[in-house]
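Remarks on the structure that follows.
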Amino acid sequence: LDYDIFFQEKNKKKIVKNYIVFLDNGMVNHPDYQKLGVSPHCTGEIYFPLLRSFFSKVEEQTGFQIIVAVHPRLIINDDLIFKYGNRELLSGKSAELVRDAKLVLAHNSTSINFVALWNIPLIVITTDQIERANYSSMEALTQILKTSRININDSYDSVDFFETAQKPISQYSYFVD
């Protein structure tokens with residue numbers, strides 16, 4: 001399905017705007033958590049302040065705003081906008097947002113398929129809570145892309161985000177295969 005979407009979006013008019021996209025995958029409030037009777041990977045009280053702080057640093061260093069590609073099963077409302085620091089939130093546009101982004105931030109979203117197909121620089125981010133709840137998935141992703149994760153619980157003051165985001169690009173063809 002993602003490959004079909006890739007081909008549909010491939011030749012469409014590009015968004016002429018410099019931005020970074022964050023691929024939200026519902027770490028705090030994915031609807032499947034309740035349906036499956038499992039606890040979320042993260043608590044909102046810890047997760048969202050970490051993300052806002054990290055996003056602010058990335059925006060400051062790069063000069064680009066971050067747009068959040070919200071998981072398609074989540075509802076965008078004022079509360080969610082507030083939790084993301086009043087950044088622009090869009091749903092159902094992950095493919096085109098990734099296609100035209102200068103950089104992508106993600107945990108382990110399936111939309112990373114688009115990142116690899118369009119050769120967009122990627123930074124995999126994590127938190128202490130994600131590492132405890134979802135370590136094997138995060139580790140598998142970073143191993144296949146031969147990159148590392150930035151744990152946003154730790155200091156990232158000395159990280160060059162554009163340089164870090166280049167690391168997985170050489171593995172994209174392997175990832176796609």
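Note on ring orientation: taking the six-membered ring where Trp is involved, the planes of Phe161 and Phe54 are perpendicular (angle over 60°, cut-offs 30° and 60°).
The main-chain N or O of Leu97 is found under 3.5 Å from a side-chain atom of Tyr19 such that the two form a donor-acceptor pair. Using a distance-only test at 3.5 Å, with no hydrogens or angles considered, a donor-acceptor pair links the side chain of Asn153 to the main chain of Asp128. Formation of a donor-acceptor pair under 3.5 Å by the Ser53 side chain with backbone atoms of Pro49 is not found in this model. A donor-acceptor contact shorter than 3.5 Å is absent between the side chain of Tyr47 and the backbone of Ile130. With Gln61 contributing its side chain and Asp160 its backbone, the two residues share no donor-acceptor pair below 3.5 Å. Between the His107 side chain and the Ile125 main chain, a donor and an acceptor come within less than 3.5 Å of each other.
In this structure, CD in Glu131 is found 10.0 Å from OG in Ser136, a value given to the nearest 0.5 Å. The CD atom of Glu88 sits 12.5 Å away from the CD1 atom of Ile66 when rounded to the nearest 0.5 Å. Taking CG of Asn134 as the start and OG1 of Thr126 as the end, the distance is 8.0 Å to the nearest 0.5 Å. Annotation: the span from Arg87 atom CZ to Leu51 atom CG amounts to 9.0 Å, rounded to 0.5 Å. Atom CG in Asp78 sits 10.0 Å away from atom CG in Leu89 (nearest 0.5 Å). The distance from atom CG of Leu50 to atom CZ of Arg52, rounded to the nearest 0.5 Å, is 9.5 Å.
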Let's go through His71 and Ser111 carefully: what are the C-alpha distance in whole Å and the side-chain angles of both, what is the deciding distance for side-chain contact (heavy atoms from CB on, under 4.5 Å) to 0.1 Å, and is it a yes or a no? CA-CA 10 Å; His71 187 283; Ser111 288; over 6 Å; no
Show your reasoning for whether side-chain contact (heavy atoms from CB on, under 4.5 Å) applies to Met27 and Gln129. CA-CA 10 Å; Met27 283 290 180; Gln129 288 183 326; over 6 Å; no
Checking Val58 against Tyr156 for the side-chain contact (heavy atoms from CB on, under 4.5 Å) test, could you report, in this order, the C-alpha distance in whole Å, the side-chain angles of both residues, the deciding distance, and whether it holds? CA-CA 10 Å; Val58 171; Tyr156 40 81; over 6 Å; no
Could you go through Leu23 and Phe114, starting from their C-alpha distance and side-chain angles, then the distance that decides it, and tell me whether this counts as side-chain contact (heavy atoms from CB on, under 4.5 Å)? CA-CA 11 Å; Leu23 299 174; Phe114 300 122; over 6 Å; no
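By the 4.5 Å heavy-atom criterion applied to side chains, Val68 and Phe55 are counted as neighbours. Residues Val21 and Ile120 fail the side-chain proximity criterion, which asks for heavy atoms closer than 4.5 Å. Residues Asn29 and Leu80 are in side-chain contact: their nearest non-hydrogen atoms beyond the backbone lie under 4.5 Å apart. Looking at heavy atoms from C-beta onward, Ile67 lies in side-chain contact with Lys17 at the 4.5 angstrom threshold. With a 4.5 Å cut-off on side-chain heavy atoms, Glu139 and Thr142 count as touching. Looking at heavy atoms from C-beta onward, Tyr172 lies out of side-chain contact with Leu117 at the 4.5 angstrom threshold.
Between Ile150 and Ile123, the closest heavy-atom pair is CD1-CG2, 3.6 Å. Across all their heavy atoms, Val176 and Ala116 have their closest contact at CG2-CB, 3.9 Å. The two residues Ala106 and Leu122 have their closest heavy-atom pair at CB-CD1, 4.2 Å. Counting all heavy atoms, side chain and backbone alike, Thr43 lies closest to Val28 at C-CG2, 4.2 Å.
Other residues, nucleotides and ligands contribute over 12 non-hydrogen atoms within 6.0 Å of the CZ atom of Phe162.
Taking hydrophobic clusters as Ile, Leu, Val, Met, Phe, Trp and Tyr residues chained together by side-chain heavy-atom distances below 4.5 Å, Phe82 does not share a cluster with Val70. Neither Leu145 nor Tyr135 shares a network with the other; the hydrophobic side chains, linked directly or stepwise wherever heavy atoms of I, L, V, M, F, W or Y lie under 4.5 Å apart, form separate groups for each.
Taking Lys167 as the reference, nothing meets the side chain to side chain donor-acceptor pair (under 3.5 Å) condition, with sequence neighbours excluded.
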